[in-house]
Structures are given as C-alpha cells and as structure tokens.
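Below is one structure, written out as structure tokens, with a few remarks after it.
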Amino acid sequence: MNTIRLILTDIDGVWTDGGMYYDQTGNEWKKFHTYDSAGVLFAHQLGIPVGIITGEETEIVRRRAEKLKVDFLYQGVRNKVEVANEICRQLGITLQEVAYIGDDLGDIELLKAVGFAGVPASAPAYIRKLANVRLSKNGGEGVFREFVEELFNIIDYPIK
C-alpha cells in the first residue's frame, strides 16, 4: 500500500447518522459524535491533511469543519472524484495516496478510485464491498475516528 498523504470523508452517513432533522421553523439539525474530532487530530499530528467532500451544503458542516480545523471543505459537490483530483493536484499527490470514507451512491466512484477505502457498518452491502476495510461502527457513532485508527494500524503510522 502506498503512503497515505490525504484523508477525505463524506459527512452524511459517516460523521452523522444520515438523518436530516428539521424544527417547525425550518432550522436543520445534525448530530455529530465527538469521537470523530480525534480522527482529525490524529491525522494532523501525523501531518496528514483532512478534507470533507459532501453533496449537501449547510452552515452546520462549515462550522464543524472550521471548529476541527479541517484542511479542505467542499460542499454541494456532484462529482467527488473531480474534487478529489483537484485537491491532489494542489498537494502534488495521486488518488492512490488518498484514503476515503463514504457510505452511499455518491461515493461509489471515489471509493473505487482511492488507494484506501472505508465504509461504515451502516452502508448498504453493495457499498461495503467496495472497501478495503469494513468498519464496525455506523455513521454518526464515531466511524471516522475508527477509520483513521484502522488506517494507522494497517499502514503502521506511529502516533506522535
């Protein structure tokens, strides 16, 4: 396996349980698990940037990414491979040096294209079969952290 130089992630169904919650005034709510913040911290301790690529576009995700100092945030994306390639160009790396976690239809092509792919336990079976690692946690239960920890176990990165 190549060295991983970038970790990319979807949001809904990975960092969240995939639910979209609205109150009677139209405010949208998402629940994030605090464990996922440690996944970003671990990656940054190793000098590996983290990026979010999501089809949704919300202020909630922007605020979460800002709070965790996520390096790249792309929202409202329809072609995730195109965006991932753009980030790779910026960093001077290839998709084979990217780890990605996603859970649904919009993630299929990127899961196939990267060097290391992960999926939550809650992903449909046809998505799970695309992964190098099938994780035990569902989306919204800290699966991004589990992905990062599993990635580091497999490729033997030392945690500083």
Of the non-hydrogen atoms in [X] and [Y], which two are nearest, and what is the gap between them?
X: Pro120; Y: Gly139; result: CB-N, 3.7 Å
X: Ala117; Y: Leu111; result: CB-O, 3.5 Å
X: Gly115; Y: Asn132; result: O-OD1, 4.0 Å
X: Val148; Y: Ala43; result: CG1-N, 4.5 Å

Name all residues meeting the side-chain hydrogen bond (donor to acceptor under 3.5 Å, both in side chains) criterion together with [X]; count only those two or more places apart in sequence or in a different chain, and write none if there are none.
X: Thr34; value: none
X: Arg145; value: Glu149
X: Arg89; value: Glu86

Please answer: with hydrophobic residues joined when any side-chain heavy atoms are less than 4.5 Å apart, are [X] and [Y] in the same cluster?
X: Val98; Y: Ile53; value: yes
X: Val133; Y: Tyr35; value: no
X: Leu110; Y: Ile7; value: no
X: Tyr74; Y: Ile93; value: yes
X: Val77; Y: Ile87; value: yes

Could you identify which residues cluster with [X], counting Ile, Leu, Val, Met, Phe, Trp and Tyr as linked when any side-chain heavy atoms lie under 4.5 Å apart, either directly or through a chain of such contacts?
X: Tyr21; value: Trp29
X: Leu41; value: none
X: Tyr22; value: Met20

Practice task
May I ask you to decide if Asn27's main-chain N or O and Asp23's side chain share a donor-acceptor pair within less than 3.5 Å?
Solution key: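 Side chain of Asp23 to backbone of Asn27: a pair is present.
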Handout entry: Exam field: side chain Gln96 to backbone Ala113, donor-acceptor pair closer than 3.5 Å
Key =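 It does hold such a pair.
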Table please: side-chain donor-acceptor pairs of residues 64-72 below 3.5 Å, with sequence neighbours left out.
from: Glu66; atom 1: OE1; to: Arg62; atom 2: NH1; distance (Å): 2.7
from: Asp71; atom 1: OD2; to: His44; atom 2: NE2; distance (Å): 2.6
from: Asp71; atom 1: OD2; to: Val50; atom 2: N; distance (Å): 2.8

Problem - Residues which pass side chain to side chain contact (heavy atoms under 4.5 Å, CB included) with Glu146, listed by chain and number, not counting sequence neighbours - result: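 Partners of Glu146 by the side chain to side chain contact (heavy atoms under 4.5 Å, CB included) criterion, ordered by chain and then number, come out as Leu135, Ser136, Lys137, Val143.
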How about [X] and [Y]: do any of their side-chain heavy atoms sit closer than 4.5 Å?
X: Asn138; Y: Asp17; value: no
X: Val114; Y: Leu8; value: no
X: Leu73; Y: Val61; value: yes
X: Glu28; Y: Thr58; value: yes
X: Leu91; Y: Arg5; value: no
X: Phe42; Y: Ile48; value: no

Exercise for the section: Carefully, step by step, assess Glu97 and Leu6 under the rule side-chain contact (heavy atoms from CB on, under 4.5 Å). Expected result: CA-CA 7 Å; Glu97 297 170 293; Leu6 172 65; over 6 Å; no
Problem - salt bridge (charged side-chain N to carboxylate O under 4.0 Å, His left out) involving Glu82 - partner list, sequence neighbours excluded - result: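 Listed in chain order: nothing, the list is empty.
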Practice task
Can you tell me which residue pairs pass the ring pair (Phe, Tyr, Trp, His ring centres under 6.0 Å) test with a partner in residues 123-147, sequence neighbours excluded?
Solution key: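 Checked against ring pair (Phe, Tyr, Trp, His ring centres under 6.0 Å) - neighbours excluded - the pairs reaching residues 123-147 are Trp15-Phe144, Phe116-Phe147.
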Problem - Test side-chain contact (heavy atoms from CB on, under 4.5 Å) applied to Asp12 and Lys30, step by step - result: CA-CA 9 Å; Asp12 292 316; Lys30 292 182 186 290; 2.8 Å; yes
Indicate every side-chain donor-acceptor pair of residues 99-108 with a distance under 3.5 Å to a residue at least two apart or in another chain.
from: Tyr100; atom 1: OH; to: Lys80; atom 2: NZ; distance (Å): 3.4
from: Tyr100; atom 1: OH; to: Asp107; atom 2: OD1; distance (Å): 2.4
from: Asp107; atom 1: OD1; to: Lys80; atom 2: NZ; distance (Å): 2.7
from: Asp107; atom 1: OD2; to: Asp103; atom 2: N; distance (Å): 2.9
from: Asp107; atom 1: OD2; to: Asp104; atom 2: N; distance (Å): 2.9

Practice task
Rounded to the nearest 0.5 Å, what's the gap from CG on Asp36 to CD1 on Ile11? Could you check?
Solution key: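 Atom-to-atom, Asp36:CG and Ile11:CD1 are 8.5 Å apart.
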